[in-house]
2 protein chains.
Amino acid sequence: MKNLTKRQEEILNLIKAHILDLGIPPTRADIARSLGFKSPNAAEQHLRAIEKKGFIKILSGASRGIVLNDNENDQIPVIGLVAAGGPILAEENIEKTIPRSNNLLSADVDYYLRVKGDSMVDIGIFEEDLIGVSKSANMKVGSVVVARINNEVTVKTLIEMSQNKVVLRPENQKYDDIIINPQVEELAIEGSCIALLRESI
Amino acid sequence: MKNLTKRQEEILNLIKAHILDLGIPPTRADIARSLGFKSPNAAEQHLRAIEKKGFIKILSGASRGIVLNDNENDQIPVIGLVAAGGPILAEENIEKTIPRSNNLLSADVDYYLRVKGDSMVDIGIFEEDLIGVSKSANMKVGSVVVARINNEVTVKTLIEMSQNKVVLRPENQKYDDIIINPQVEELAIEGSCIALLRESI
DNA sequence: ATAATTACTGTAATTATATACAGTATATTG
DNA sequence: CAATATACTGTATATAATTACAGTAATTAT
């Protein structure tokens, strides 16, 4: 997707604002009026350019037929089983996507991860729950994190983290702490858990 | 807001679907085509009726000028502490509201209730969690329900329900079953729990 | 250097769309 | 029992809107 020029971006923002405000896209004349063009054709040509760059779709013949294309950012992926090898967010791991909604849970959730196993039941994280994971949230000792140990993805509490010793604790008395030397074993902390969804009780 | 007729509701749903699908409202002709009307005027008159009842606004002169009057139904209330006496959904109990989003959790959630206490930790319901409550979902033995006993609101598992004996079980070994005779004590089952949200881990 | 892109004006035709007016028929409400 | 609401057909028209064609001028890419 090529970059828009300053003017094109201005027009795209105008379209978004119009939709947000009135619920319907603007006409060419609306755009021309808003930006002071004396010809609706100026708007038409800008729209063509914006369409060519992939940001909108123009429905030919339809009035106000401007469809925004940029909604993939509004969808948060739900990750089911993580295939060994590839990155967590690889296409094949995405079970479904759910629309991001502003106030519902934190805006920092980058993806949801479906919980497998019972290793975190003591802090109320159950099998099949969806954990909201942030890749950027600051993670400190005590955080619940998504870790990847030798290509296996797991959710645990981070207890200790130093150059040659990382301790991950399952929150279930049945299981023992996992102690790893990151210089020997492959370890990556993928993100930290900041929210939880349970779709059925 | 008056009730819509079956046909009017059908048309309103069509409008919503059209917007969801294409991002723009339908024209009168679109509606007529979809429903098999032979005259666009049939659609026009329905729109007038729906506007009169307050569900939409028609922007006169504008093509596709159908604006949905967002009903407050799109906001789901979050109930904090429930004041004694009044109904759960009373104004003073509403801590905040969150927008309903289509695919995220079930559409049947009527309100969220903030959990107090640790009586349900064994099934992963913790203090401060938000429980999605449905007033209409069918509740059977084994369901987690929101109950009101002598004006106190509580979340428990429904174990038995007959004319003169209702058993509610806290999911925490520390606590004993609550056995109530609804003919002696005041008891109301307000809804059943169908989802869970945890805003911080 | 030349072509393509950006950013417009200006005019005009065609089509898309809203909407008025005139009816028909049935159901519901005061 | 009359008035109003519901649920349409059918025709017509003004206007809203897309979109083609013909230009001008500056900037940017090849």
Side-chain angles (χ1 to χ4, degrees), chain A residues 1-70, chain B residues 1-69 71:
Chain A
M1 201 124 72
K2 274 193 220 164
N3 286 335
L4 294 180
T5 66
K6 211 168 147 189
R7 200 56 161 161
Q8 287 164 358
E9 209 173 315
E10 210 174 333
I11 287 165
L12 185 58
N13 286 335
L14 193 104
I15 295 167
K16 286 178 182 171
H18 198 282
I19 292 173
L20 213 70
D21 193 36
L22 292 170
I24 53 178
T27 64
R28 275 63 163 170
D30 287 336
I31 295 171
R33 205 175 311 118
S34 291
L35 292 175
F37 302 158
K38 291 186 180 156
S39 165
N41 195 41
E44 174 74 23
Q45 281 169 35
H46 277 302
L47 291 177
R48 295 288 173 86
I50 298 170
E51 184 184 37
K52 213 168 160 189
K53 290 182 177 176
F55 291 82
I56 59 169
K57 172 114 208 287
I58 297 172
L59 307 177
S60 94
S63 67
R64 300 176 191 274
I66 303 171
V67 181
L68 298 172
N69 278 348
D70 56 281
Chain B
M1 200 123 74
K2 274 194 218 164
N3 285 335
L4 294 180
T5 66
K6 211 168 146 189
R7 200 56 161 163
Q8 287 164 358
E9 209 173 316
E10 211 173 333
I11 287 165
L12 185 59
N13 286 335
L14 193 102
I15 295 167
K16 288 179 181 170
H18 198 281
I19 292 173
L20 212 71
D21 194 34
L22 292 170
I24 53 177
T27 63
R28 276 61 164 168
D30 286 336
I31 296 172
R33 206 174 312 117
S34 290
L35 294 174
F37 302 158
K38 291 186 180 155
S39 166
N41 194 41
E44 175 72 24
Q45 282 169 36
H46 277 300
L47 291 177
R48 295 287 172 87
I50 297 170
E51 184 184 38
K52 213 168 161 188
K53 291 183 177 177
F55 290 84
I56 59 169
K57 172 115 209 291
I58 297 172
L59 307 178
S60 95
S63 68
R64 301 178 190 272
I66 303 170
V67 180
L68 298 173
N69 288 345
N71 23 354

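Given the structure is predicted, the values throughout are model-derived calculations rather than measurements. Residue numbering restarts at 1 for every chain, and letters A, B, ... go by the order of the sequence lines. Basis for what follows: all heavy atoms, side chains included, without hydrogens, waters or symmetry-related copies.
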Less than 3.5 Å apart, which donor and acceptor atoms pair up between the side chains of residues 55-66 of chain B and the rest of the protein, not counting sequence neighbours?
unit_1: S63(B); atom_1: OG; unit_2: S63(A); atom_2: OG; d: 3.0
unit_1: S63(B); atom_1: OG; unit_2: R64(A); atom_2: NE; d: 3.1
unit_1: R64(B); atom_1: NE; unit_2: S63(A); atom_2: O; d: 2.6
unit_1: R64(B); atom_1: NE; unit_2: S63(A); atom_2: OG; d: 3.2
unit_1: R64(B); atom_1: NH1; unit_2: P25(B); atom_2: O; d: 3.0
unit_1: R64(B); atom_1: NH1; unit_2: D30(B); atom_2: OD2; d: 3.4

Gap between atoms [atom1] and [atom2], on [X] and [N] respectively (whole Å):
| X | N | atom1 | atom2 | value |
| --- | --- | --- | --- | --- |
| L35(A) | dC8(C) | CG | P | 8 Å |
| L47(B) | dT6(D) | CG | P | 14 Å |
| L59(A) | dT18(D) | CG | C1' | 12 Å |
| I24(B) | dA17(D) | CD1 | P | 12 Å |
| R33(B) | dA18(C) | CZ | P | 11 Å |
| E10(B) | dC8(D) | CD | C1' | 14 Å |
| E9(A) | dA7(C) | CD | C1' | 16 Å |
| D30(A) | dA16(D) | CG | C1' | 10 Å |

Determine: side-chain N/O of [X] to OP1/OP2 of [N], distance under 4.0 Å, yes or no.
| X | N | answer |
| --- | --- | --- |
| R7(B) | dC8(D) | yes |
| R48(A) | dT18(D) | no |
| R64(A) | dA17(D) | yes |
| R28(B) | dT17(C) | no |
| S63(B) | dA16(C) | no |
| S39(A) | dT11(C) | no |
| H46(A) | dT6(C) | no |
| K52(A) | dT6(C) | no |
| K53(A) | dT6(C) | yes |

Exercise for review: Run the salt-bridge test on E10(B) and R7(B) with the 4.0 Å N-O cut-off and return the result as yes or no.
Suggested key: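 So E10(B) pairs with R7(B) through a salt bridge.
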
When rounded to the nearest 0.5 angstrom, what is the spacing between [atom1] in [X] and [atom2] in [Y]?
| X | Y | atom1 | atom2 | result |
| --- | --- | --- | --- | --- |
| L12(A) | Q8(A) | CG | CD | 9.5 Å |
| I50(A) | L68(A) | CD1 | CG | 10.0 Å |
| L14(A) | H18(A) | CG | NE2 | 7.5 Å |

Distance-minimising heavy-atom pair for [X] and [Y]:
| X | Y | answer |
| --- | --- | --- |
| A32(B) | P40(B) | CB-CA, 4.1 Å |
| G54(B) | N69(B) | O-ND2, 3.0 Å |
| K53(B) | L4(B) | CD-CD2, 3.8 Å |

Pairs under 3.5 angstrom, nitrogen or oxygen only, protein versus nucleotides 23-30 of chain D, please.
none

Study note, to complete from the structure: Those residues at least two apart in sequence (or on a different chain) that pass side chain to side chain contact (heavy atoms under 4.5 Å, CB included) with E44(A) are R28(A), N41(A), R48(A)

Check your understanding: What residues, two or more places apart in sequence or in another chain, satisfy side chain to side chain contact (heavy atoms under 4.5 Å, CB included) together with A17(A)?
Key -> none

Check your understanding: What residue pairs, at least two apart or across chains, pass ring pair (Phe, Tyr, Trp, His ring centres under 6.0 Å) with a residue in residues 31-53 of chain A?
Key ->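 Found F37(A)-H46(A).
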
Review point. With respect to the side chain of E44(A), which nucleotide from dT6(C), dT18(D), dC8(C) is positioned closest?
Key: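 Between dT6(C), dT18(D), dC8(C), the one nearest the side chain of E44(A) would be dT18(D).
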
Exercise for review: Among dC8(C), dA7(D), dA17(D), find the nucleotide with the atom closest to the side chain of F37(A).
Suggested key: dC8(C)

Exercise for review: Pull out every stem in DNA chain D, meaning runs of 3 or more consecutive Watson-Crick or G-U wobble pairs with both distances under 3.5 Å.
Suggested key: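 Result, WC/G-U stems under 3.5 Å: C:1-30 with D:1-30.
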
**Study point:** Closest-nucleotide ordering on DNA chain D, the 5'-leading residue of G61(B) and P40(B)
**Key:**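 Nearer the 5' end of the strand: P40(B).
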
Exercise for review: Describe the nucleic acid contact of A42(A) in one word from base, sugar-phosphate, nothing, applying a heavy-atom distance below 4.0 Å.
Suggested key: base

